[in-house]
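Heads up, the thing below is written out as structure tokens.
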Amino acid sequence: MAKDGKVIIVDEFTGRMMPGRRWSDGLHQAVEAKEGIKIERENQTLATITFQNYFRMYSKLSGMTGTAYTEANEFKQIYNLDCIVIPTNKPMARINNADCIYKTEMEKYNAVVDEIAECNKRGQPVLVGTISIEKSELIGSLLQKKSVPHKVLNAKYHEMEAHIIAQAGRLGAVTIATNMAGRGTDIVLGGNAQYLARSLATEKNKNASVEEHEELVKKFMEEYREQTKKERDQVTAAGGLRVIGTERHESRRIDNQLRGRQGRQGDPGESRFYVSLQDDLMRLFASDRIMFVMDKLGMEEGQVIESRMVSGALEVAQKRVENYNFEIRKQLLEYDNVMNKQREVIYNLRRSILEGENLKDIVEDSILSYADQMVDANIALSDVNQLSFDDLASELAAKYGVDIRPIAEEFKGANAQTAKVALEEYLLKAYEAKETQVTPVMMRRLERMVLLHTIDTKWKDHLYIMDQVKDGISLRALGQKDPLVEYKKEGFLLFKQMYAGINQETACMMFKIQPMFEEDQPRSVFSNIPKKEIHQELSGLPAAAVPGQAPVSPAQAIFQPIATGHESGFSSSMQAPTGPKVGRNDVCPCGSGKKYKKCCGQ
């Protein structure tokens, strides 16, 4: 639905808007282009989980709904939950009539409109259920031609939802709703006195205080109670609320939700569904047999079939679609179980980084793990299966910025294991030297920032790749292979590569981060503008404290390389200002004439 310059997705089951959600793979941009709306950038998935795995994270799980019994098998298989039917509070007085079957869609809609007009004449309230906004507006236009007053409830009128539903049981009311579920408001026969009183109170005095508004509500409530009570008796005499379904849904649950809006707490009510052979469900599953019967009986245009046998055939078709959709959801869960295990590993790692105080061991493991990979790769590429020191030294200089030529002697004639031990010892010493240069306090903060940034970046890329793999993995079935097994294999290999990539990038970034002083950085036209750090982690980092040099901002100290040959010095904490402390209301010592809190103390 296009609204306020945006394309908003409407839930096909509830008919409600889902702001913030966007289709992927350019589909949302295509719809925006088609509607002539500004095309937004494509979203990238940062985290994903299925509803099934999300709900199964809870230690206790239960729920209550009026339409769960048709899906009892799925609740049992997915969540291991039993469905128990609770008897109604009062005896059911609702009448569920057999479906009316028509040949064409237009015949069906004409019959629906005639039925609504007839109910409206005798004052019986009608609730019409449709499967889309388009169909609800079509019926609305047909009712306008017949001068039948009505209200349309779909995603376009979401703000008025509660008020429209509350008054759907009034005498002669006609309400057209898209895929009607509970909606959080009960339909009271004769109308809801409280809603009427509040609406009138707001209309009479929009600027009233809370106390005045409540007084008006109480006053109007007394008037509307008598009115709604009288209307309730008239509606009950007319047969109660009548529910008309304009099409059978793929799921019986949605049909039951619509039927369940009438006949509550022993109230009278009737329901009937109107179906045509051009409806999607009939066209795909049940139309051939019924069309054969119609032709044999010589049915003419406008004639209707009303048969329990036909309604039964429709329910069989619905069950078939429900089973098909369940198999799709079940397969989706099996595929997500692969990602779920990977998700747990990454989230546990991320949580340990967020909660851990000292991450030095994790970073050192990343450094040594990547160094071992380089040694193994170097030997694998060698024709004589021996270590090429020059190639290894060049790669380490490029990746880590570390010169290993001082230990060249230890690599002469060394096998892979000896080379790894010598290299590990040397890299650990180099890392210790780096920590001394930067100070331990800053190093711990840098380790946390680098690890979180690397994990988030790699995981985001991994999700995108896995989505692409899942889209095409079904083609493996053509080669007599199980797509799920192949997806598990591919997922495991890609996860190993991603995990190795985390070690590699973390190690490279930690070795390449160098402090930079004022004299080494390029001049900027914005250098005189006061800077505020966005992230608190950066704001808390210590600044450079070298005599005779201006202090360096934390971001410059972390992310800009230092020229070879410079020595660096960092204080282990923020430098305290020298001289007497300036009060917030004192004159600023910079000479501006302003108070310190309005000048340099901001």
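Only this structure's heavy atoms are used, side chains among them; waters, hydrogens and symmetry mates stay out. Everything numeric in this text was worked out from a predicted model, so none of it was measured.
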Check side-chain contact (heavy atoms from CB on, under 4.5 Å) between [X] and all other residues, then give those that pass, not counting sequence neighbours.
{"X": "R351", "value": "N348, E355"}
{"X": "T236", "value": "L189, R232, P268"}
{"X": "I84", "value": "none"}
{"X": "N337", "value": "N53, R56, L333"}

Could you state the interatomic distance from [atom1] ([X]) to [atom2] ([Y]), rounded to the nearest 0.5 Å?
{"X": "Q265", "Y": "N89", "atom1": "CD", "atom2": "CG", "value": "4.5 Å"}
{"X": "L27", "Y": "I9", "atom1": "CG", "atom2": "CD1", "value": "8.0 Å"}
{"X": "I8", "Y": "R21", "atom1": "CD1", "atom2": "CZ", "value": "13.0 Å"}
{"X": "L332", "Y": "T50", "atom1": "CG", "atom2": "OG1", "value": "6.0 Å"}

Side-chain donor/acceptor of [X] to backbone N/O of [Y], under 3.5 Å:
{"X": "Q318", "Y": "H249", "answer": "yes"}
{"X": "R448", "Y": "I353", "answer": "yes"}
{"X": "Q29", "Y": "E40", "answer": "yes"}

Original post:
What pairs of residues pass the salt bridge (charged side-chain N to carboxylate O under 4.0 Å, His left out) test when at least one of them lies in residues 500-509, not counting sequence neighbours?
Top reply: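 Sorted pair list: K458-E505.
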Residue pairs, two or more places apart or on separate chains, that pass salt bridge (charged side-chain N to carboxylate O under 4.0 Å, His left out) and touch residues 326-340 =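 Qualifying pairs: E74-R329, D336-R343.
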> Which residues pass the side chain to side chain donor-acceptor pair (under 3.5 Å) test with D233, sequence neighbours left out?
Replying inline: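 Once residues adjacent in sequence are excluded, D233 has no partner under the side chain to side chain donor-acceptor pair (under 3.5 Å) criterion.
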Inset, instruction - Return the set of residues passing side chain to side chain donor-acceptor pair (under 3.5 Å) with E322 (not counting sequence neighbours), or none when no residue passes. - result: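 So E322 forms a side chain to side chain donor-acceptor pair (under 3.5 Å) with R252.
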Give the table of side-chain donor-acceptor pairs shorter than 3.5 Å for residues 64-72, with sequence neighbours excluded, one pair per line with atom names and distance.
from: T65; atom 1: OG1; to: T67; atom 2: N; distance (Å): 3.4
from: T67; atom 1: OG1; to: R253; atom 2: NE; distance (Å): 3.2
from: T67; atom 1: OG1; to: R253; atom 2: NH2; distance (Å): 3.1

| said: If you compare all heavy atoms of N96 against all heavy atoms of S271, which two are closest, and at what distance to 0.1 Å? | reply: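 Distance-wise, the nearest heavy atoms are OD1-OG, 2.8 Å.
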Applying side chain to side chain donor-acceptor pair (under 3.5 Å) as the test, list every pair that has at least one member in residues 460-472; sequence neighbours left out.
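Matches after skipping sequence neighbours: Q342-H462.
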- Name all pairs fulfilling the side chain to side chain donor-acceptor pair (under 3.5 Å) condition that reach into residues 478-491, sequence neighbours left out, sorted by first residue then second.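 Every side chain to side chain donor-acceptor pair (under 3.5 Å) pair that includes a residue of residues 478-491, provided the two are not neighbours, is R476-E486, R476-E490.
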Open item on the list: Consider salt bridge (Lys or Arg N to Asp or Glu O under 4.0 Å). Of K6, R22, K38, which one does E32 pass it with?
Closed with: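 With E32 as partner, salt bridge (Lys or Arg N to Asp or Glu O under 4.0 Å) holds for just one option, R22.
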For H28, give me all partners under ring pair (Phe, Tyr, Trp, His ring centres under 6.0 Å), at least two apart in sequence or on another chain.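 With neighbours one apart ignored, the set is W23.
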